[in-house]
Structure formats: C-alpha cells, structure tokens
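Accompanying notes for the structure given below.
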Amino acid sequence: IASKMPGATIEAWDVDRKMLDVAQQRLAPFGERITIVERSFEEPLPACDAVVASFSLHHIKDRERKTDLFRGIFSALRPGGVFLNADQTLSDQPELDEVTFSMWADFMTTQGWSREQAFEHFAAWSVEDKYFALYDELTSLAGAGFSRPACFWKNVAATVYGGLKQQAT
C-alpha cells in the first residue's frame, strides 16, 4: 500500500509487539508516512479513508463479535472509504472444507512444509483461529452497514473481501 500510494499516510496496527517490530523494520524505508501503533481493531478507530486487515481477523472466533468489529470499521470510514480484509475463508458448504484444507496443504508443500506439518498446523491453529465461510463474512459486512460487500480475489482458502462505505447522496 505504501509503495503503490505514495501520498498516503498509514498507521500499522497490531497487538503483538513482535509483529510490530518486524513491521517497523520492513516499513522503515517509508519514513514518517508510516506510524507503528500497538492497538487492536476492536478499539474505536479514528476517522479514515481506508482500513486494511491482513491475516489478523481470523483470531475473532465469534461471528457476532466480528460483525461488531465490522460495524466499528464502517463507522470509522469516511463516505467513499474502503475496507479490505485478506484472510482465509472456507466454503459455505462444510463438506468442502476437507478439499479446501487439502489444497491449502498442497500450497504449503510448495513453501517447504510437509503435508503432515501442514495438517498439524491446521489443528494447532484451530485452537485460536476461526475461519468462517466467505458467505458468512460477506453477510456480517452487510449487517455492519456495507451495502454491497464483495469478494475481490480468492485462491482456495486465501481471500480478499470487503466493502465500500457509500458516498452520501
């Protein structure tokens, strides 16, 4: 985002200090345009033009709590603002989850993992992570006020979805 939008000022948020330290190093070339903040998306957000989450909101395991978070994001966005979330989603047909996880494991093998390691990680991640169906995520966004939430990209489980806050008419 910083490289593609040279006029943007960005706050990078996380609740994990180690993740923020990595972000600080990676984003250092962008100087004062980037501010690193130890903060949760569940805290009130300041008014903004865009909110982008990347592989972080799967830690919210309760759908109503996630819809509330989406409401907070919607409220913070100025008219015309955009919310994008990059995360893993499943099918709205649970019988396809096995196929999804198998294909996800196949991808992980291209990154140096064994299939066994991949499935061990899926089991470990399931303790603290919740992957909802894409349909449920879009329905939660609609319930939060986004009039036409959409999926912008999907490859097996990896998904980018979100919505716009309509301009006042």
Side-chain angles (χ1 to χ4, degrees), residues 1-4 10-27 36-43 45 50-74 77 82-164:
I1 294 170
S3 64
K4 296 291 184 185
I10 298 167
E11 286 188 6
W13 293 8
D14 206 304
V15 295
D16 183 332
R17 188 71 240 166
K18 290 179 186 175
M19 293 295 286
L20 291 172
D21 291 344
V22 170
Q24 183 74 52
Q25 291 174 345
R26 289 183 180 173
L27 299 172
I36 304 295
V37 181
E38 189 169 345
R39 186 173 184 168
S40 168
F41 272 111
E42 293 188 273
E43 296 176 44
L45 282 72
V51 174
V52 178
S54 179
F55 299 101
S56 59
L57 302 184
H58 57 256
H59 297 297
I60 300 171
K61 296 178 84 167
D62 178 77
R63 190 158 165 232
E64 189 55 41
R65 192 170 141 218
K66 191 174 238 186
T67 302
D68 287 344
L69 179 135
F70 291 159
R71 280 187 191 102
I73 291 170
F74 183 82
L77 289 172
V82 63
F83 168 60
L84 295 174
N85 187 33
D87 216 328
Q88 308 294 345
T89 63
L90 299 174
S91 169
D92 62 347
Q93 300 175 38
E95 58 272 17
L96 295 178
D97 290 351
E98 184 177 326
V99 173
T100 300
F101 281 105
S102 180
M103 292 175 72
W104 189 357
D106 289 345
F107 168 76
M108 291 172 74
T109 65
T110 70
Q111 306 301 305
W113 301 62
S114 71
R115 284 183 66 78
E116 182 178 307
Q117 289 172 318
F119 281 96
E120 287 172 359
H121 272 74
F122 298 151
W125 292 338
S126 72
V127 173
E128 68 175 75
D129 299 345
K130 171 70 175 171
Y131 303 110
F132 290 100
L134 175 58
Y135 176 84
D136 291 337
E137 296 285 10
L138 297 176
T139 301
S140 290
L141 285 172
F146 292 94
S147 61
R148 293 175 44 196
C151 175
F152 303 107
W153 179 86
K154 186 161 177 55
N155 185 358
V156 186
T159 312
V160 177
Y161 64 92
L164 296 172

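The structure places CG of Leu141 at 11.0 Å from OG of Ser147, a figure rounded to the nearest 0.5 Å. With rounding to the nearest 0.5 angstrom, the CZ atom of Phe132 is 11.5 Å from the OG1 atom of Thr89. To the nearest 0.5 Å, atoms OG1 (Thr139) and CG (Leu134) are separated by 9.0 Å. Expressed to the nearest 0.5 Å, how far CG of Asn85 lies from CD1 of Ile73 amounts to 7.5 Å. The CD atom of Glu137 sits 8.5 Å away from the OG1 atom of Thr67 when rounded to the nearest 0.5 Å. Note that CD1 of Ile36 and CG of Leu27 are 5.0 Å apart. Values are rounded to the nearest 0.5 Å.
Between Phe41 and Val51, the closest side-chain pair of non-hydrogen atoms falls below 4.5 Å. Thr100 places none of its side-chain heavy atoms less than 4.5 Å from the side chain of Gln88. Contact of the Ser56 side chain with the Asp14 side chain is not registered, since no non-hydrogen atoms from C-beta on lie closer than 4.5 Å. Within the 4.5 Å cutoff, the side chain of Leu90 has heavy atoms near those of the Phe101 side chain. Residues Arg65 and Glu42 meet the side-chain proximity criterion, which asks for heavy atoms closer than 4.5 Å. Using a 4.5 Å heavy-atom threshold, the side chains of Arg17 and Asp21 count as touching.
What you find for Ala142 and Pro149 is that their closest heavy atoms are N-CG, 3.9 Å. Minimum interatomic distance between Ser102 and Arg115 (heavy atoms only, all atoms of both residues): OG-NH2, 3.1 Å. Heavy-atom minimum distance, Leu20 versus Glu38: CD1-CA, 3.5 Å. Closest approach of Thr159 to Ala157, counting heavy atoms only: OG1-O, 2.8 Å. Considering every non-hydrogen atom in both Ala105 and Ala118, the closest pair reads CB-CB, 3.8 Å. What you find for Leu77 and Val82 is that their closest heavy atoms are CD2-O, 3.6 Å.
Judged by distance alone, the side chain of Ser140 and the main-chain N or O of Asp136 form a donor-acceptor pair under 3.5 Å. Judged purely by atom type and a 3.5 angstrom limit, Lys154 uses its side chain to pair as donor or acceptor with the backbone of Val156. Between the Lys61 side chain and the Val127 main chain, a donor and an acceptor come within less than 3.5 Å of each other. Side-chain atoms of Arg148 never come within 3.5 Å of backbone atoms of Leu164 as a donor-acceptor pair (strictly under, hydrogens ignored).
Atom CD of Glu116 has 12 or fewer neighbouring heavy atoms from other residues, nucleotides or ligands inside a 6.0 Å radius. For Gln111, the CD atom counts as densely surrounded, since its 6.0 Å shell holds more than 12 non-hydrogen atoms of other residues, nucleotides or ligands. Applying the 6.0 Å contact sphere to CZ of Phe55 captures more than 12 heavy atoms from other residues, nucleotides or ligands. Dense packing is recorded around CE of Met108, with more than 12 heavy atoms of other residues, nucleotides or ligands lying under 6.0 Å away. The number of heavy atoms from other shown groups lying within 6.0 Å of CD1 (Ile1) does not exceed 12. Applying the 6.0 Å contact sphere to OH of Tyr135 captures no more than 12 heavy atoms from other residues, nucleotides or ligands. The number of heavy atoms from other shown groups lying within 6.0 Å of CZ (Arg26) does not exceed 12.
Considering Phe119, Trp113, Phe122 in turn, Phe122 is the only one that fulfils the ring-ring contact (aromatic ring centres under 6.0 Å, His included) rule with Trp104.
Aromatic pair Phe74/Phe83: ring centres not closer than 6.0 Å.
The residues Asp68 and Arg71 are annotated as salt-bridged, a charged nitrogen and a carboxylate oxygen being separated by less than 4.0 angstrom.
A cation-pi arrangement is absent between Lys66 and Phe70, since the terminal nitrogen or guanidinium carbon is not both under 6.0 Å from the aromatic centre and inside a 45° cone about the axis.
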